[in-house]
Amino acid sequence: MEASEFIAKAYDANAFTTAKTSAGYVNPEIWNKEVLAHVKANLVVAPLGKVYNDLLDKPGDTLNITVGVEPAAGAAVAESDAVTITAFQKTQVVFSPSEYGAAYQLTNKEKSRSFINLMQDMTAQLGYQLALKKDTVCVALLQASAGNSIVANGVASTDIASTDTIDYDDIVNAKKEIMKDKLIPKFLIVGAEQYADLLKLEAFRDASKFGGDVAKNGFIGRVSGLDVYWTTQITPATSKAKALMLGVDGSGVSSFGICQKSNPYLETEYHALERYTDIVAMEDYAVKLLRANGICSIESYAA
């Protein structure tokens with residue numbers, strides 16, 4: 001969402017209204033832009049999906065889209081024979097957005113003593129909470145719904161040991177699974193432990209071969225033609241973690257989509273008797289799988 005849109009929504013909701021005696025303390029243009037930047041900086045996985053804005057700030061609670069199925073090749077036809085009719089196939093994906101939110105309360109006493117710092121901190125934290133939730137929803141869906149999966153060193157998931165860390169062979173094998181389904185591997189998303197394991201490999205020791213410092217939005221470099229991202233949302237469980245490889249179709253459309261019903265916005269409500277203000281951040285969206293076979297999980301040891 002553009003900063004101007006975010007500010008406009010805040011103005012419409014009277015997000016920055018204060019008493020006359022406190023009006024000079026507020027500069028909504030400054031702290032609101034900081035919130036937006038904070039949201040963008042912390043979104044890692046969500047920006048990799050296909051965004052649908054058909055419902056954005058419009059009537060309706062459900063979006064139906066169609067996803068094409070890979071057709072078979074044409075067939076040779078003998079003279080005077082009829083051409084075989086092929087069934088025209090499409091699949092349906094239904095988006096039903098849900099609201100996600102976070103809130104803080106600010107008392108008049110706190111406001112009068114340190115209003116600027118507190119408001120900046122609270123709005124930045126609210127932006128972070130919304131971004132964190134969105135990436136959490138995306139990762140959970142992709143890990144649970146991946147149409148392809150491999151385990152480091154080819155062992156069974158139940159037999160993963162400390163030596164079964166993610167390596168280059170695992171990346172190549174995951175690419176193969178996605179390519180077998182006629183999709184193009186494009187993104188690799190890892191957790192902190194798997195990122196460290198990759199950097200320990202000889203092929204990745206040179207920063208010029210595999211990224212340098214972690215950049216904004218989790219981008220850390222490229223490997224085997226893939227853009228590599230790191231996220232806090234891929235974490236170990238019982239000494240295992242699942243990295244994710246995402247593919248796109250020939251048109252560059254991602255294997256998962258996000259239907260945005262409303263962009264992040266702020267609302268406030270003042271309670272005169274209790275002398276405090278509610279500060280609420282909200283967002284409304286749905287995340288759905290478009291092509292399960294365009295996703296391959298890579299399970300490996302992660303302490």
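Everything numeric in this text was worked out from a predicted model, so none of it was measured.
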Go through the structure and list residues passing side-chain contact (heavy atoms from CB on, under 4.5 Å) with Ala161, not counting sequence neighbours.
Thr163, Asp164

Checking side-chain contact (heavy atoms from CB on, under 4.5 Å) for the pair Asp181/Arg291: CA distance, chi angles, key distance, verdict?
CA-CA 10 Å; Asp181 292 310; Arg291 292 180 175 83; over 6 Å; no

Would you call [X] and [Y] a side-chain contact if the rule is heavy atoms closer than 4.5 Å?
X: Lys58; Y: Asn53; value: no
X: Val94; Y: Leu63; value: no
X: Asn173; Y: Lys176; value: yes
X: Leu289; Y: Leu142; value: yes
X: Leu246; Y: Leu48; value: yes
X: Val44; Y: Trp230; value: no
X: Ile189; Y: Met245; value: no
X: Val45; Y: Gln233; value: no

What are the two closest heavy atoms between [X] and [Y], and how far apart are they?
X: Leu55; Y: Cys259; result: CD1-SG, 3.8 Å
X: Leu130; Y: Gly101; result: CD2-CA, 4.0 Å
X: Ala46; Y: Ile258; result: O-CD1, 3.5 Å
X: Lys240; Y: Thr158; result: NZ-CA, 3.9 Å
X: Gln92; Y: Asn64; result: NE2-OD1, 2.9 Å
X: Leu290; Y: Ser254; result: CD1-O, 3.6 Å

Are [Y] and [X] co-members of a hydrophobic cluster defined by side-chain heavy atoms under 4.5 Å apart?
X: Ile178; Y: Val151; answer: no
X: Val155; Y: Ile150; answer: no
X: Leu188; Y: Met179; answer: no
X: Leu199; Y: Ile220; answer: yes
X: Tyr195; Y: Val172; answer: yes

Report the distance from atom [atom1] of [X] to atom [atom2] of [Y], rounding to the nearest 0.5 Å.
X: Asp227; Y: Arg222; atom1: CG; atom2: CZ; result: 4.5 Å
X: Glu267; Y: Met282; atom1: CD; atom2: CE; result: 8.0 Å
X: Thr123; Y: Tyr128; atom1: OG1; atom2: OH; result: 15.5 Å
X: Lys50; Y: Ile65; atom1: NZ; atom2: CD1; result: 8.5 Å
X: Ser255; Y: Lys186; atom1: OG; atom2: NZ; result: 12.0 Å

Full working for side-chain contact (heavy atoms from CB on, under 4.5 Å) between Tyr104 and Val280:
CA-CA 7 Å; Tyr104 285 114; Val280 184; over 6 Å; no

Can [X] and [Y] be counted as having a side-chain donor-acceptor contact under 3.5 angstrom?
X: Gln105; Y: Asp278; value: yes
X: Tyr270; Y: Asn108; value: yes
X: Glu283; Y: Asn263; value: no

Kindly say whether [Y] contributes a backbone atom to a donor-acceptor pair with the side chain of [X] at under 3.5 angstrom?
X: Asp135; Y: Leu132; value: no
X: Ser251; Y: Val253; value: no
X: Lys180; Y: Lys175; value: no
X: Glu274; Y: Tyr276; value: no
X: Thr107; Y: Glu110; value: yes
X: Asp167; Y: Asp169; value: yes

Check each of Phe95, Phe256, Tyr285 against Tyr52 using the ring-ring contact (aromatic ring centres under 6.0 Å, His included) test, and report the only one that passes.
Phe95

List, one per line, each side-chain donor-acceptor pair under 3.5 Å for residues 293-303, sequence neighbours excluded.
{"from": "Glu299", "atom 1": "OE1", "to": "Ser157", "atom 2": "OG", "distance (Å)": "3.0"}
{"from": "Glu299", "atom 1": "OE2", "to": "Ser157", "atom 2": "OG", "distance (Å)": "3.2"}
{"from": "Ser300", "atom 1": "OG", "to": "Gln194", "atom 2": "NE2", "distance (Å)": "3.2"}

Is it the case that more than 12 heavy atoms not belonging to Asp61 sit under 6.0 Å from its CG atom?
no

Answer yes or no: does atom NZ of Lys261 have more than 12 heavy-atom neighbours from other residues, nucleotides or ligands under 6.0 Å?
yes

Evaluate side-chain contact (heavy atoms from CB on, under 4.5 Å) for Phe187 paired with Leu226, printing each intermediate quantity in order.
CA-CA 5 Å; Phe187 307 114; Leu226 303 164; over 6 Å; no

side-chain contact (heavy atoms from CB on, under 4.5 Å) between Gln143 and Ile234, intermediate numbers included:
CA-CA 9 Å; Gln143 288 183 329; Ile234 294 182; 4.0 Å; yes

